[in-house]
Amino acid sequence: MSGLARIYQAQFERAPTRTLMIVNGSLNAIGDFSAQGIQSYVILPLSFSRYIIGSKTFSNFLLDDNQSSEEFQWQHYDPIRTLRFMAFGATLGPFLGRWNRFLEHTFPLRSSGGTVSLLSLAKRVGVDQSVGAPLVLTYFITSMGFMEGKGARDVGMKYQEMFIPAMIANWKVWPAAQLINFRFMPLP
């Protein structure tokens, strides 16, 4: 793994924007490919519909609002969706690189003694989650909508529908993940 890290560091020093675009685009594509695989092959068969999740049966939990269990079909891999995720990641990569440099410069974690400032770490995560996360989510909803061929009105409606629930879901996971990330993962 250290060899891979050296290659990444050398590429980053040579062409940081291109490297961030390639890495972020690739990671997003891999993530979507994996998500589609899990969706298609790991979802339990509909025979589990007798088990209740909250007030919904398992099969209803997996279905779109307009889809009955009789219409439910295993999804097939959608390479165009993966390309959309790759494009999103590639175009977001340079912003994230600049954003992380801004956070690191504005909230340095180590004092001259080398100890980590927990207050700076908390501020960095707080600003990341209160400013950065909403910006990235807005870009995600907007760019995905346009890449799916939706018009501005439909994208706006999708934004209104999913922004708040997505931010709440984000805040259940990413503050803890970013605490670990910012504390232990050095920027190149």
Side-chain angles (χ1 to χ4, degrees), residues 1 4-40 64 75-109 123-188:
M1 190 66 160
L4 188 58
R6 279 194 303 274
I7 292 169
Y8 173 81
Q9 186 64 37
Q11 290 300 316
F12 186 82
E13 289 172 7
R14 196 171 318 139
T17 299
R18 181 182 67 203
T19 303
L20 289 171
M21 291 178 76
I22 291 169
V23 169
N24 282 284
S26 298
L27 290 174
N28 271 267
I30 291 167
D32 180 66
F33 180 82
S34 300
Q36 287 191 55
I38 290 168
Q39 232 174 350
S40 296
D64 292 334
Q75 295 181 351
H76 297 285
Y77 176 66
D78 180 0
I80 302 302
R81 184 179 119 170
T82 300
L83 288 174
R84 285 193 299 266
F85 271 86
M86 186 170 72
F88 165 76
T91 56
L92 183 64
F95 167 77
L96 290 178
R98 288 181 186 91
W99 176 250
N100 284 321
R101 278 196 303 273
F102 163 77
L103 290 174
E104 190 169 271
H105 175 75
T106 307
F107 306 105
L109 295 184
K123 287 178 184 178
R124 190 184 287 191
V125 170
V127 170
D128 180 63
Q129 291 301 300
S130 63
V131 178
L135 288 172
V136 170
L137 181 58
T138 298
Y139 178 60
F140 176 80
I141 295 168
T142 304
S143 65
M144 286 297 180
F146 288 132
M147 285 189 284
E148 290 169 355
K150 294 178 180 161
R153 183 182 188 140
D154 288 336
V155 170
M157 289 172 50
K158 189 69 167 177
Y159 176 85
Q160 288 179 346
E161 173 188 316
M162 71 180 296
F163 182 79
I164 298 296
M167 281 308 308
I168 291 169
N170 171 83
W171 289 330
K172 289 178 181 178
V173 174
W174 283 102
Q178 290 296 65
L179 274 170
I180 295 166
N181 185 33
F182 292 149
R183 170 62 180 89
F184 296 106
M185 300 300 290
L187 290 176

*Contact list for residues 171-186, test side-chain hydrogen bond (donor to acceptor under 3.5 Å, both in side chains), sequence neighbours left out*: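 side-chain hydrogen bond (donor to acceptor under 3.5 Å, both in side chains) check on residues 171-186 returns D128-Q178, Q178-N181.
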[X] [atom1] to [Y] [atom2] distance, which is reported to the nearest 0.5 Å:
{"X": "Y77", "Y": "T82", "atom1": "OH", "atom2": "OG1", "result": "3.0 Å"}
{"X": "L83", "Y": "N28", "atom1": "CG", "atom2": "CG", "result": "12.0 Å"}
{"X": "I22", "Y": "L20", "atom1": "CD1", "atom2": "CG", "result": "10.0 Å"}
{"X": "E148", "Y": "I80", "atom1": "CD", "atom2": "CD1", "result": "12.0 Å"}
{"X": "T142", "Y": "M147", "atom1": "OG1", "atom2": "CE", "result": "10.5 Å"}

*Not counting sequence neighbours, which residues clear ring-ring contact (aromatic ring centres under 6.0 Å, His included) with F146? List them please.*
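F146: no ring-ring contact (aromatic ring centres under 6.0 Å, His included) contacts found.
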*Verdict with supporting geometry, T138 and M167, side chain to side chain contact (heavy atoms under 4.5 Å, CB included)*: CA-CA 10 Å; T138 298; M167 281 308 308; over 6 Å; no
Of all the heavy-atom pairs spanning [X] and [Y], show the shortest one and how long it is.
{"X": "V155", "Y": "I141", "answer": "CG1-O, 4.2 Å"}
{"X": "N170", "Y": "A133", "answer": "ND2-CB, 3.7 Å"}
{"X": "P134", "Y": "Q129", "answer": "CD-O, 3.4 Å"}
{"X": "A35", "Y": "R81", "answer": "CB-NH2, 4.1 Å"}
{"X": "M21", "Y": "A90", "answer": "CG-O, 3.1 Å"}
{"X": "P175", "Y": "V125", "answer": "O-CG1, 3.8 Å"}

Heavy-atom check, side chain of [X] versus side chain of [Y], under 4.5 Å:
{"X": "L92", "Y": "N24", "answer": "no"}
{"X": "F95", "Y": "V136", "answer": "yes"}
{"X": "T19", "Y": "Q9", "answer": "no"}
{"X": "V23", "Y": "F12", "answer": "no"}
{"X": "Q11", "Y": "R18", "answer": "yes"}

*Quick check: are there more than 12 heavy atoms from other residues, nucleotides or ligands sitting under 6.0 Å from CZ of F33?*
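Atom CZ in F33 is not packed in, count stays at 12 or less.
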*Answer yes when R101 and E104 have at least one side-chain N-carboxylate O distance shorter than 4.0 Å, and no when they do not.*
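Looking at E104 together with R101, the answer is no, because their closest N to O distance does not fall below 4.0 Å.
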*Within 45° cone and under 6.0 Å: R124 NZ/CZ vs F182 ring*: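 Judged by the rule (NZ or CZ under 6.0 Å from the ring centre, within 45° of its axis), R124 counts as positioned above F182.
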*asked:* Assess the residue pair L103 and N100 against the criterion (side chain to side chain contact (heavy atoms under 4.5 Å, CB included)); give the C-alpha distance rounded to whole Å, side-chain angles, the decisive distance to 0.1 Å, and a yes or no.
replied: CA-CA 5 Å; L103 290 174; N100 284 321; 4.1 Å; yes
*asked:* Parallel, tilted or perpendicular: which one describes the rings of F85 and F140, with boundaries at 30° and 60°?
replied: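 Correct class here is tilted.
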*Give the intermediate values and the outcome of side chain to side chain contact (heavy atoms under 4.5 Å, CB included) for residues D78 and R84.*
CA-CA 10 Å; D78 180 0; R84 285 193 299 266; 4.2 Å; yes
*Do F163 and K158 pass the side chain to side chain contact (heavy atoms under 4.5 Å, CB included) test, and can you show the C-alpha distance, the side-chain angles, and the key distance before you say yes or no?*
CA-CA 8 Å; F163 182 79; K158 189 69 167 177; over 6 Å; no
